[in-house]
2 protein chains.
Amino acid sequence: MSPRPADPAVRSELVDTAARLLAEEGRKGFTVRRLAAEVGVSTMAVYTHFGSMEEVRQAVRREGFARLGERLDAVRPTDDPVADLAASGVAYITTGLDHPQLYREMFPDRPIGQRATGLDGGAGAAAGGDEAFGRLVGGVRRCVDAGRFEDVGELGARGWAVQLWTMWHGMVSLAVAGLMPVEHVSLHYTDMSWRLFVGYGDDRVSARASLQEALF
Amino acid sequence: MSPRPADPAVRSELVDTAARLLAEEGRKGFTVRRLAAEVGVSTMAVYTHFGSMEEVRQAVRREGFARLGERLDAVRPTDDPVADLAASGVAYITTGLDHPQLYREMFPDRPIGQRATGLDGGAGAAAGGDEAFGRLVGGVRRCVDAGRFEDVGELGARGWAVQLWTMWHGMVSLAVAGLMPVEHVSLHYTDMSWRLFVGYGDDRVSARASLQEALF
DNA sequence: GCTGTTATATAACGGCGTTATGGGATACTT
DNA sequence: AAGTATCCCATAACGCCGTTATATAACAGC
């Protein structure tokens, strides 16, 4: 009285193919029929492994954040947490620019009536995004613990993390939307990180030196 | 031998209704049939005034930037350009948060193969976005001319403008996507503006005072 | 008033996400 | 080993979508 088990390989292949389709052909090429045909199954296979196309998108979202996490993990921590943080930003932005359609899918529209919860608020959060955000908070906290960041402010390390993410995400979004040329991203990232991390005073030489090496 | 003229009132009504539909019901309710029915015409009317649904979206985009421009213009310049700039940011972010779906539509996906041009690069640019960006550059330049911004850097006033836009857009995007609770936006905006405008040193007291009044 | 041109309505076409139907594979029961 | 319950998945359909072919109606110039 047991059922026929679903092939888990089919599911992961569907997710991978979905991510590839989205990256290569954009939203327009990302359809059930196309996805099923690409994997070599019928459209119903999609509906057995996922309840709807929206859940496929959610799985792709998770996959996107997982890949982002890998890219961030590839930044091996050194003994300079500020430089590490800057390098993480480079990894983040590079990831977004490499796969713009996939990146965009990771930040979906909320249904209209729905209240905005968020990473910074604790609960809810995007699929897999909280993990990446936690990584970022850890990176900031390392800087604070090392005494490299003063004036953490009332928002604390989480506040720093949110604002870093704001900068990163803003840059990726503007570049992807075509409002900032990609060849200027590096310069703006360096310049803006400088302002955020170092400020205008002549103090904080250590952070300045770290940035000089880490920024791309 | 002259043709029957198209009613220009229908066109503008189509744009307004499209913007309203998008704002109220999101992408899902934004269809030709729905739009035509709402205005009280047939679907063909849409195709006489616009070549395709994509052009309707482009018109909505322009409308969105026009409304954003109005909101920015509503910030009357005072004798304190730094405070004005901060207030413009409040107006920008508020506009985005008020109509998230419309805001999101203003930054569309580029077709996959297409090169990223951008406001900061001169040519191309989004529909109507260049005007809003020009306004922002003007606001920054007023600060620079008044001697309120030092260290403009190699990117100049345009660089400042791009980075301000990056912050604004990043905050709106994260909040709209649900990754930053909207009730935290104000605090983060104040905090981050502080860091960008003022920095860590105890100098630049004038900018600090301006922010204290203008930030929401 | 006739004629050429265009705006709009009706209806169709292919493709979309989703679902109903049905056959066949699987794993437990006896 | 045969029976059977269970679920995977392919086929085909449904109602939608954006777009377009066709036909009719409204206008401007002769």
Side-chain angles (χ1 to χ4, degrees), chain A residues 1-61 101 104-105 108-112 127, chain B residues 1-61 101 104-105 108-112 127:
Chain A
M1 295 168 181
S2 256
R4 173 183 174 192
D7 190 352
V10 173
R11 191 197 147 95
S12 65
E13 194 173 355
L14 280 173
V15 175
D16 286 347
T17 306
R20 183 174 57 80
L21 269 180
L22 196 59
E24 292 178 359
E25 324 232 356
R27 289 184 116 93
K28 189 158 187 179
F30 183 56
T31 72
V32 207
R33 288 170 171 78
R34 182 74 197 277
L35 173 58
E38 206 86 9
V39 177
V41 295
S42 102
T43 61
M44 265 307 293
V46 176
Y47 284 88
T48 50
H49 290 273
F50 307 90
S52 67
M53 208 53 182
E54 178 51 41
E55 290 185 32
V56 178
R57 263 189 284 269
Q58 189 170 332
V60 169
R61 223 166 286 150
Q101 311 280 340
R104 174 137 202 181
E105 193 64 40
D109 292 321
R110 266 175 304 124
I112 16 177
Chain B
M1 297 165 181
S2 253
R4 170 186 177 189
D7 189 354
V10 173
R11 190 197 147 95
S12 66
E13 194 174 353
L14 281 172
V15 175
D16 286 348
T17 306
R20 182 176 57 79
L21 269 179
L22 196 58
E24 291 179 359
E25 322 231 358
R27 290 184 117 94
K28 189 160 187 179
F30 182 55
T31 72
V32 208
R33 286 169 173 80
R34 182 75 195 277
L35 173 58
E38 205 88 9
V39 176
V41 294
S42 103
T43 61
M44 268 306 294
V46 177
Y47 284 89
T48 52
H49 290 273
F50 306 89
S52 68
M53 209 53 181
E54 177 52 41
E55 291 185 32
V56 178
R57 262 189 283 267
Q58 188 168 331
V60 169
R61 227 166 284 152
Q101 309 281 339
R104 173 137 203 182
E105 193 62 40
D109 291 322
R110 268 176 303 125
I112 10 179

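Below, chain A is the first sequence line, B the second, and so on; all start at residue 1.
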Nearest-0.5 Å distance, [atom1] of residue [X] to [atom2] of residue [Y]:
| X | Y | atom1 | atom2 | answer |
| --- | --- | --- | --- | --- |
| Asp109(B) | Lys28(A) | CG | NZ | 12.5 Å |
| Arg104(A) | Leu22(A) | CZ | CG | 11.5 Å |
| Phe30(B) | Glu105(B) | CZ | CD | 6.5 Å |
| Ser52(A) | Arg57(A) | OG | CZ | 8.0 Å |
| Gln58(B) | Phe50(B) | CD | CZ | 10.5 Å |

* Asked: Who pairs with Arg27(B) by side-chain hydrogen bond (donor to acceptor under 3.5 Å, both in side chains), at least two apart in sequence or on another chain?
  ->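 For Arg27(B), no residue satisfies side-chain hydrogen bond (donor to acceptor under 3.5 Å, both in side chains) once neighbours in sequence are set aside.
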* Asked: side-chain hydrogen bond (donor to acceptor under 3.5 Å, both in side chains) with Asp16(B): which residues, sequence neighbours excluded?
  ->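 Checked Asp16(B) against side-chain hydrogen bond (donor to acceptor under 3.5 Å, both in side chains); zero matches.
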* Asked: What closest approach, in Å, do Ser12(A) and Ala9(A) show between heavy atoms, and which atom pair accounts for it?
  -> OG-O, 3.1 Å
* What's the shortest heavy-atom distance between Ala18(A) and Val56(A), and which atoms? -> CB-CG1, 4.0 Å
Contacts under 3.5 Å, N or O only, protein and nucleotides 25-27 of chain D:
{"unit_1": "dC27(D)", "atom_1": "O2", "unit_2": "Ser2(B)", "atom_2": "O", "d": "3.4"}

[N] [atom2] sits how many Å from [X] [atom1], rounded?
| X | N | atom1 | atom2 | result |
| --- | --- | --- | --- | --- |
| Leu21(A) | dG17(C) | CG | C1' | 16 Å |
| Met44(B) | dA23(D) | CE | C1' | 12 Å |
| Arg27(A) | dC16(C) | CZ | P | 16 Å |

* When the C1' atoms of the five terminal pairs at each end define the local axes, what inter-axis angle does the helix from dG1(C)-dC30(D) to dT30(C)-dA1(D) show, to 10 degrees? ->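 The angle separating the two end axes equals 10°.
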Please list, pair by pair, any protein nitrogen or oxygen found under 3.5 Å from a nitrogen or oxygen in nucleotides 16-18 of chain D.
{"unit_1": "dC17(D)", "atom_1": "OP1", "unit_2": "Thr31(B)", "atom_2": "OG1", "d": "3.3"}
{"unit_1": "dG18(D)", "atom_1": "OP1", "unit_2": "Val32(B)", "atom_2": "N", "d": "3.3"}
{"unit_1": "dG18(D)", "atom_1": "OP2", "unit_2": "Val32(B)", "atom_2": "N", "d": "2.8"}
{"unit_1": "dG18(D)", "atom_1": "N7", "unit_2": "Arg33(B)", "atom_2": "NH1", "d": "2.6"}
{"unit_1": "dG18(D)", "atom_1": "O6", "unit_2": "Arg33(B)", "atom_2": "NH2", "d": "2.8"}

* Asked: With respect to the phosphate group of dC8(D), does any side-chain polar atom (N or O) of His49(A) fall under 4.0 Å of OP1 or OP2?
  ->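 For dC8(D), OP1/OP2 do not have a side-chain N/O of His49(A) under 4.0 Å.
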* To do: Taking only the side-chain nitrogens and oxygens of Ser42(B), find out if one of them lies under 4.0 Å from OP1 or OP2 of dA9(C).
  => yes
* Could you tell me whether a side-chain N or O of Thr17(A) sits under 3.5 Å from a main-chain N or O of Leu14(A), the two making a donor and an acceptor? =>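 Between the backbone of Leu14(A) and the side chain of Thr17(A) there is no qualifying donor-acceptor contact (under 3.5 Å).
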* Structure fact -> Applying salt bridge (Lys or Arg N to Asp or Glu O under 4.0 Å) to Glu38(A) and not counting sequence neighbours gives Arg20(A), Arg34(A)
* Asked: So which nucleotide from dT19(D), dC9(D), dT8(C) ends up closest to the side chain of Thr43(B)?
  ->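 The closest nucleotide is dT19(D).
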